[in-house]
Amino acid sequence: MKHPGSRAGRKQRLQAGDKEAPSPTMSSSTVRTRFAPSPTGYLHVGGARTALFNWLYARHCGGAFVLRIEDTDRNRNIDDGIEVILQGMQWLGLEWDEGPEIGGDHGPYFQSQRQSFYDKHLEVLQSKDLVYTEENGAVRFKSPGKPVLVDDQVCGRVEFTRDEPDMTIRRPDGSYIFHFVNVIDDLEMGITHVIRGEDHLSNTPKHIELFEALGQTPPTYAHIPLILNPDGSKMSKRDLGASVSDYAEKAYLPDAVVNYLALLGWSPKDDRELLALSEIIERFDFPGINKSNASFDLIKLNWFNGQRLMGLDENAYWEHAVAAVQTSGMDVPEETLRKILPLMQTKVSIVSELPQKIAFLQGDHCDLDSNALKKLAKDDQSNAKLEALLQALEATASWDEAAIDAAIDSAAASLEQKKGKLMFPARVAASGQAGGPDLFIILVVLGKERVVVRFRELLAQLGA
RNA sequence: GACCCGUUCGUCCAGCGGUUAGGACUCCGCCCUUUCACGGCGGCAACACGGGUUCGAAUCCCGUACGGGUCGCCA
């Protein structure tokens, strides 16, 4: 598969100073960060969070965020793998200033197309006698073997002794190894700040050795904590919520996901959590990043989503909600949705919960929730209430909110009960559920006939 | 195994030598409310352990334990 975009238009989004950016001596102070995923066919939340932090830092500094695809033909590359990554990034709103589809002055942005850069720098190392070739043709880098200090923006100063075997940088078939291409690309692309997962901290000495062997100053490093499963295990592909595309499919709001992800390992240091993107950008910086791994909590993400949902204006919410109902294939008239959906804005945290919650609007009958039934059973007056309600409702000539209200009032009066005490049984009878939209609207929307049928069915079920 | 990083309520995040250890999610209770929610108020719940240093440690140092990571001709 040919990679699209790398030859695409050179959209220059950056201001002065950028043109010289390849100079690794960093004469320019423009911050340049990058996210460098492999096209594995899905965007992991951990990767998304890494991308987010890079993006945030670039935006915070007014620098550039580069997207580079590490597709050095591996078995891990799959068809459409790149598309999924790009879509995930776009969905989250992490727009890149240079990279696939938009190009830039430091391309190509696919490692598979950068062989000449690697060859060039290998020659430099060869000329300095810093590499050697084994019998089979593999090339190794001669480690100086001296201790290397990593001055990490998150982990602090970490010293490594260097007694590992010399790393291989090129295979016998001429292809290059990760550590080498990663360093060369960062160098050639003028990356000033490498923000990546903590799993790379131990690799960093190798990278620093390479930069120094090439006579270059290494970038600034910041190794961020990892995201783990709730049980503390490493989050992998199949784990719940591991893939960004899941969130898009379940109709989460990107803002909510971004807000949640930003707070996983980073803190603005006050007690606020619901933050606008602009606020996050403004406050994001290395001192706010903590060092310990975090575990992913879907429940809390849902809360963030619920908060964002409530913050949506009428129209935005409606479009979002109705789309979720439509994709579910429900058969409910729009007129009904117009009445019901707005009432659900504060009652769901994700719009994809909607279809299940309003399923009772479909058909003549409804499923009875077992918890609702249990609550009903606790009240020995449930039957009497339902019967009184049924009688009053049946006797109603017109069918609107006022009439229904009056009917419930009269039923309450006949039993000498407060109206509120009758509303729960009525709700269960009509919708089968303990919670939901406003009772009066439910009854209006359902229509008298279905309501009567459902009341009778519940009464029968209760063995009245 | 060697090396590296980490360890505050179940979870996320504050705290950076003196606090009744704070906020958020979850859960529970109360209030508001004709119902359901929203909202408000309150509650349960934590400094891994052992030594130091100090008048005084969640905060600094050293161990131990536990968790994670890296040691590839994967990225």
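The figures here come from the full heavy-atom set of this structure, side chains too, leaving out hydrogens, waters and symmetry mates.
Between B/G10 and B/C47, the two P atoms lie 8 Å apart (nearest whole Å). For the P atoms, the distance from B/U8 to B/A2 is 25 Å, rounded to whole Å. Using atom C1' as the reference point in both B/C27 and B/G52, the two lie 41 Å apart (nearest Å). Taking the P atom of each, B/G6 and B/G15 are spaced 16 Å apart, rounded to whole Å. Look at the C1' atom in both B/A45 and B/C28: the space between them is 12 Å, to the nearest Å. Comparing the P positions of B/A57 and B/G50 gives a spacing of 14 Å, expressed to the nearest Å. Look at the C1' atom in both B/G23 and B/G42: the space between them is 16 Å, to the nearest Å. On the P atoms, B/C4 is 22 Å away from B/A48, given to the nearest whole Å.
Closest approach to the A/Glu134 side chain among B/U11, B/C73, B/C5 is made by B/C73 (side chain taken as heavy atoms from C-beta onward). The side chain of A/Phe160 sits closest to B/C4 out of B/C73, B/C4, B/C12.
Annotation: proximity of residues 196-208 of chain A to RNA chain B (heavy atom, distance under 4.0 Å) is found for A/Glu198, A/Asp199, A/His200, A/Leu201, A/Ser202, A/Asn203, numbered in ascending order.
Proximity of A/Asn290 to the phosphate of B/C13: a side-chain N or O atom is located under 4.0 Å from OP1 or OP2. Remark: A/Arg171 is in phosphate contact with B/C74, judged by side-chain N or O atoms under 4.0 Å from OP1 or OP2. When the side-chain nitrogen and oxygen atoms of A/Ser38 are compared with OP1 and OP2 of B/A75, none of them lie within a distance under 4.0 Å.
Partner assigned to B/C30 is B/G40, using Watson-Crick or G-U wobble distances below 3.5 angstrom. B/C71 and B/G1 make up a base pair, with Watson-Crick or G-U wobble contacts both under 3.5 Å. Pair assignment for B/G50: B/C62, on the basis of Watson-Crick or G-U wobble contacts that are both within less than 3.5 Å. Look at B/C16: it lacks any Watson-Crick or wobble partner with both distances under 3.5 angstrom.
Taking atom CG of A/Leu228 as the reference point, atom C1' of B/C66 lies 14 Å away to the nearest angstrom. Rounded to an integer number of Å, the gap from A/His179 NE2 to B/A75 P is 8 Å. A/Lys269 places its NZ atom 11 Å from the P atom of B/C13, with the value rounded to the nearest Å. A straight line from CZ of A/Phe141 to P of B/G72 spans 16 Å, rounded to a whole angstrom. The CG-C1' distance, from A/Asn293 to B/C13, rounds to 15 Å in whole Å. Between the CD atom of A/Glu164 and the C1' atom of B/C4 there is a distance of 11 Å, given to the nearest Å. Across the protein-nucleic acid pair, A/Tyr317 atom OH and B/C38 atom P stand 13 Å apart, rounded to whole Å. Note: CG (A/Leu275) to P (B/C12) measures 18 Å, nearest angstrom.
When the side chain to side chain donor-acceptor pair (under 3.5 Å) test is applied to A/Ser143, the partners found at least two apart in sequence or on another chain are A/Glu209. Remark: A/Arg450 pairs with no residue by the side chain to side chain donor-acceptor pair (under 3.5 Å) rule, at least two apart or across chains. Partners of A/Asn315 by side chain to side chain donor-acceptor pair (under 3.5 Å), not counting sequence neighbours: none found.
The ring-ring contact (aromatic ring centres under 6.0 Å, His included) contacts involving residues 426-445 of chain A comprise nothing, where partners must be two or more places apart or lie in separate chains.
Ring-plane geometry between A/His207 and A/His179 is classed as tilted, the angle between the planes lying from 30 to 60 degrees on a 0 to 90 degree scale. Under the 30°/60° scheme for interplanar angles, the aromatic rings of A/Tyr42 and A/His44 are found to stand perpendicular.
The residue among A/Ile289 and A/Val181 whose nearest nucleotide of RNA chain B is located toward the 5' end is A/Ile289. Between A/Leu226 and A/Phe296, the residue anchored closer to the 5' end of RNA chain B is A/Phe296, taking for each the nucleotide with the nearest heavy atom.
Anti is the conformation of B/C31, whose glycosidic angle sits further than 90° from 0.
Contacts of A/Pro172 with the nucleic acid, taken as non-hydrogen atoms under 4.0 Å apart, include base atoms. A/Phe178 comes within 4.0 angstrom of a nucleotide base, judged by non-hydrogen atoms across all strands.
Using a cut-off of 4.0 Å between Lys/Arg side-chain N and Asp/Glu carboxylate O, A/Glu416 and A/Lys421 are scored as not salt-bridged. Taking 4.0 Å as the cut-off between side-chain N and carboxylate O, A/Lys291 and A/Glu198 do not count as a salt-bridged pair. The pair A/Glu394-A/Arg456 counts as a salt bridge, with a side-chain nitrogen and a carboxylate oxygen less than 4.0 angstrom apart.
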* Is there a side-chain hydrogen bond (donor to acceptor under 3.5 Å, both in side chains) between A/Asp297 and A/Tyr260 once you walk through the steps? -> CA-CA 9 Å; A/Asp297 184 3; A/Tyr260 174 69; 5.5 Å; no

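Around the NZ atom of A/Lys448, the shell of radius 6.0 Å holds more than 12 heavy atoms that belong to other residues, nucleotides or ligands.
With hydrogens and angles ignored, a donor-acceptor pair under 3.5 angstrom links the side chain of A/Asn136 to the base of B/C73.
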* To do: Going 5' to 3' through nucleotides 19-36 of chain B, assign each nucleotide B (protein heavy atom under 4.0 Å from a base atom), S (under 4.0 Å only from sugar-phosphate atoms) or - (no protein heavy atom that close).
  => ---BBBSS-------BBB

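When each of A/Val257, A/Leu263, A/Leu309 is checked for a side chain to side chain contact (heavy atoms under 4.5 Å, CB included) with A/Phe304, only A/Leu263 meets the rule.
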